[in-house]
**Student:** 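My questions will all concern the structure given below.
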Amino acid sequence: MRIHIISCRVLTREFSAFIAKADNHIDVSWLPQGLHDVPAVLHKRLDATLDQIEEEIANKQIKRAPDYIVLGYGLCSNATTGLVARSIPLVVPRADDCITLFLGSRERYQEFFTKYSGTYWLTNEWVENSDEVQPNYFEDLRRELMEKYDGDEDTVEYLMSVSASYVKNYKRVGFIKSCVHEDPRAEALARGYADRYGLDFFDLQGDNGLLKKIIEGDFDEENFLTVPPGYGIKYTDGPERMIAVPADEL
């Protein structure tokens, strides 16, 4: 089986570890981490990547078309809804976001989100690629803003307060340990981040069950939506999270 994955870079280490040992032929298009912060931008990038794959197949830059294109994303603030499968079936995990993929199942996701409501979740890759977790983030941000706004203290202080305001929504930091890459430095940074904001900290072991299913092409209906060509992804508030409908019904 040939599978083309379009994924956020936050899953780089996990996917790469499994791809190296996969029986299936796997290609990956990586997108920058953090695009979910602006769902319309993420949707546009995903849509453009689907077009690019189709174009490369048509131009024979991709010699053998994949059997499936899989999104390394969940709903991600509904950024994936409205995407349409072109000539190749499109597969998307029935997940709210990448945290489900790191935890291994929707059931585990729901268990921990109920038990630990108000948690800011972090992983190795998230820490590696996230500026705000770094110890000097606010000092660096303040210096950049002072330069940008010509030393206007009032404007800079206002923007700094806005930048930090999201933390008020959280009670704790949860660090999901990777099954493929243990990095004590990342966990230490996550713990330091919690300390700076007076948040509780806990860690737990991740589970790569869903990621392995993607690499193996095991797209069971309970965990994945398979969208046939000419159909698109539509959100539903039912337990399935999303359904496939004809593109003209989106």
Side-chain angles (χ1 to χ4, degrees), residues 6-16 28-52 71-83 96-99 101-102 113 116-176 178 181 183-203:
I6 306 174
S7 178
C8 174
R9 285 193 179 277
V10 76
L11 292 164
T12 298
R13 290 188 185 273
E14 275 70 17
F15 270 142
S16 297
V28 185
S29 296
W30 299 109
L31 296 184
Q33 181 179 335
L35 291 177
H36 68 281
D37 289 337
V38 188
V41 173
L42 175 55
H43 180 93
K44 185 176 181 179
R45 290 292 298 271
L46 289 168
D47 201 48
T49 305
L50 290 170
D51 281 340
Q52 181 182 354
L71 301 183
Y73 293 87
L75 284 167
C76 295
S77 301
N78 282 335
T80 56
T81 59
L83 292 174
D96 286 288
D97 51 40
C98 66
I99 299 303
L101 301 180
F102 281 112
F113 268 67
Y116 300 113
S117 61
T119 296
Y120 188 69
W121 295 93
L122 293 171
T123 66
N124 283 339
E125 288 96 336
W126 199 268
V127 171
E128 289 173 2
N129 294 285
S130 178
D131 289 336
E132 65 264 24
V133 179
Q134 306 307 314
N136 298 323
Y137 170 68
F138 278 105
E139 290 85 346
D140 294 340
L141 177 62
R142 193 175 196 285
R143 183 169 54 254
E144 291 174 9
L145 291 173
M146 288 293 284
E147 292 175 1
K148 182 176 180 179
Y149 293 98
D150 298 322
D152 184 339
E153 291 276 358
D154 290 340
T155 299
V156 169
E157 291 306 320
Y158 170 74
L159 293 174
M160 291 287 291
S161 66
V162 170
S163 180
S165 63
Y166 73 95
V167 180
K168 297 176 181 177
N169 298 320
Y170 298 101
K171 302 175 184 176
R172 59 185 65 85
V173 171
F175 183 80
I176 304 173
S178 172
H181 177 66
D183 187 350
R185 296 168 302 174
E187 183 168 352
L189 284 170
R191 190 181 296 273
Y193 177 79
D195 289 343
R196 284 197 301 280
Y197 291 106
L199 302 174
D200 293 334
F201 178 87
F202 71 98
D203 58 28

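All values reported here derive from a predicted model rather than from experimental measurement.
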**Student:** Using modelled atom types only, decide if a donor and an acceptor are shared between the side chain of Thr80 and the backbone of Gly74 within a distance under 3.5 Å.
**Tutor:**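 Yes, Thr80 side chain to Gly74 backbone: donor-acceptor pair under 3.5 Å.
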
**Student:** May I ask you to test the Leu71-Leu83 pair for a side-chain heavy-atom distance under 4.5 Å?
**Tutor:**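 Yes, side chains in contact.
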
**Student:** Quick one: do Leu11 and Glu125 satisfy side chain to side chain contact (heavy atoms under 4.5 Å, CB included)? Show the steps, please.
**Tutor:** CA-CA 7 Å; Leu11 292 164; Glu125 288 96 336; over 6 Å; no

**Student:** Short question: side chain of Ser16, backbone of Arg13 - any donor-acceptor pair under 3.5 Å?
**Tutor:**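 Checked: no pair found.
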
**Student:** Under a 4.5 Å cut-off applied to non-hydrogen side-chain atoms, are Trp126 and Phe102 in contact?
**Tutor:**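 They are not in contact (no side-chain heavy atoms under 4.5 Å apart), so the answer is no.
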
**Student:** Is the shortest side-chain heavy-atom distance between Gln52 and Ser29 below 4.5 Å?
**Tutor:**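 The answer is no, as the side chains (C-beta and beyond) never meet within the 4.5 Å cut-off.
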
**Student:** Under a 4.0 Å N-O cut-off, is there an ion pair linking Asp47 with Lys44?
**Tutor:**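 Here Asp47 does not pair with Lys44 in a salt bridge, since their nearest N and O are not under 4.0 Å apart.
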
**Student:** Asp96 and Phe113: side chain to side chain contact (heavy atoms under 4.5 Å, CB included), yes or no, with the steps?
**Tutor:** CA-CA 11 Å; Asp96 286 288; Phe113 268 67; over 6 Å; no

**Student:** Are Glu128 and Asp183 side-chain neighbours, meaning at least one heavy-atom pair lies under 4.5 Å?
**Tutor:**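 Yes, their side chains come closer than 4.5 Å.
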
**Student:** Any side-chain heavy-atom pair from Ile6 and Leu46 closer than 4.5 angstrom?
**Tutor:**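 Yes, close enough: below the 4.5 Å cut-off.
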
**Student:** Would you indicate whether Phe202, at its atom CZ, is surrounded by more than 12 heavy atoms from other residues, nucleotides or ligands within a distance under 6.0 Å?
**Tutor:**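 Above 12, so yes.
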
**Student:** Which pairs with one or both residues in residues 192-203 pass side-chain hydrogen bond (donor to acceptor under 3.5 Å, both in side chains), sequence neighbours excluded?
**Tutor:**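 Listed by first then second residue: Tyr166-Tyr193.
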
**Student:** Taking all atoms of both residues into account, what is the closest heavy-atom pair of Ile176 and Ile99, and its distance?
**Tutor:**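 Nearest pair, atom of Ile176 first, then Ile99: CD1-CG2, 4.0 Å.
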
**Student:** Determine, step by step, whether Asn129 and Val10 satisfy the side chain to side chain contact (heavy atoms under 4.5 Å, CB included) criterion, reporting the C-alpha distance in whole Å, the side-chain angles of both residues, the deciding distance to 0.1 Å, and the verdict.
**Tutor:** CA-CA 8 Å; Asn129 294 285; Val10 76; over 6 Å; no

**Student:** What are the two closest non-hydrogen atoms of Asn78 and Thr81, and how far apart are they?
**Tutor:**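 For Asn78 and Thr81, the tightest heavy-atom pair comes out as O-OG1, 2.7 Å.
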
**Student:** Which heavy atom of Tyr137 sits nearest to which heavy atom of Glu132, and what is that distance?
**Tutor:**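 Scanning both residues completely, I find the closest heavy atoms to be CG-CA, 3.4 Å.
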
**Student:** Is the backbone N or O of Ser130 less than 3.5 Å from a side-chain atom of Gln134, with the two atoms forming a donor-acceptor pair by type?
**Tutor:**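 Flag set: sc Gln134 to bb Ser130 pair under 3.5 Å.
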
**Student:** Leu159 versus Tyr149: any side-chain heavy-atom pair under 4.5 Å?
**Tutor:**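 Result yes, sub-4.5 Å side-chain heavy-atom pair found.
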
**Student:** Is there a donor-acceptor pair under 3.5 Å between the side chain of Asn124 and the backbone N or O of His181?
**Tutor:**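 Looks like yes, one N/O pair under 3.5 Å.
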
**Student:** Indicate the atoms forming the closest heavy-atom contact of Arg45 with Pro32, along with that distance.
**Tutor:**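 For Arg45 versus Pro32, the nearest heavy atoms are NH2-CD, 3.7 Å.
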
**Student:** Does a side-chain heavy-atom distance below 4.5 Å link Phe175 with Arg191?
**Tutor:**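 Not in contact.
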
**Student:** Give a yes or no on whether the backbone of Ser117 and the side-chain of Arg172 come within a donor-acceptor separation of less than 3.5 Å.
**Tutor:**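 It does hold such a pair.
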
**Student:** Say you draw a straight line from CG of Leu199 to NZ of Lys171; how long is it, rounded to the nearest 0.5 Å?
**Tutor:**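 The NZ atom of Lys171 is 11.5 Å from CG of Leu199, to the nearest 0.5 Å.
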
**Student:** Which heavy atom of Cys76 sits nearest a heavy atom of Pro39, and at what distance?
**Tutor:**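 Closest pair (atom of Cys76, atom of Pro39, distance): O-CB, 4.5 Å.
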
**Student:** Considering only heavy atoms from C-beta outward, does the side chain of His36 approach that of Tyr73 to under 4.5 Å?
**Tutor:**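 The answer is no; the side chains never approach within 4.5 Å.
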
**Student:** Quick one: closest heavy-atom pair of Val127 and Ala190, and the distance?
**Tutor:**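 Minimum heavy-atom contact is CG2-CB, 4.3 Å.
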
**Student:** Classify the ring geometry between Tyr170 and Tyr120 as parallel (under 30°), tilted (30 to 60°) or perpendicular (over 60°).
**Tutor:**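 Perpendicular.
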
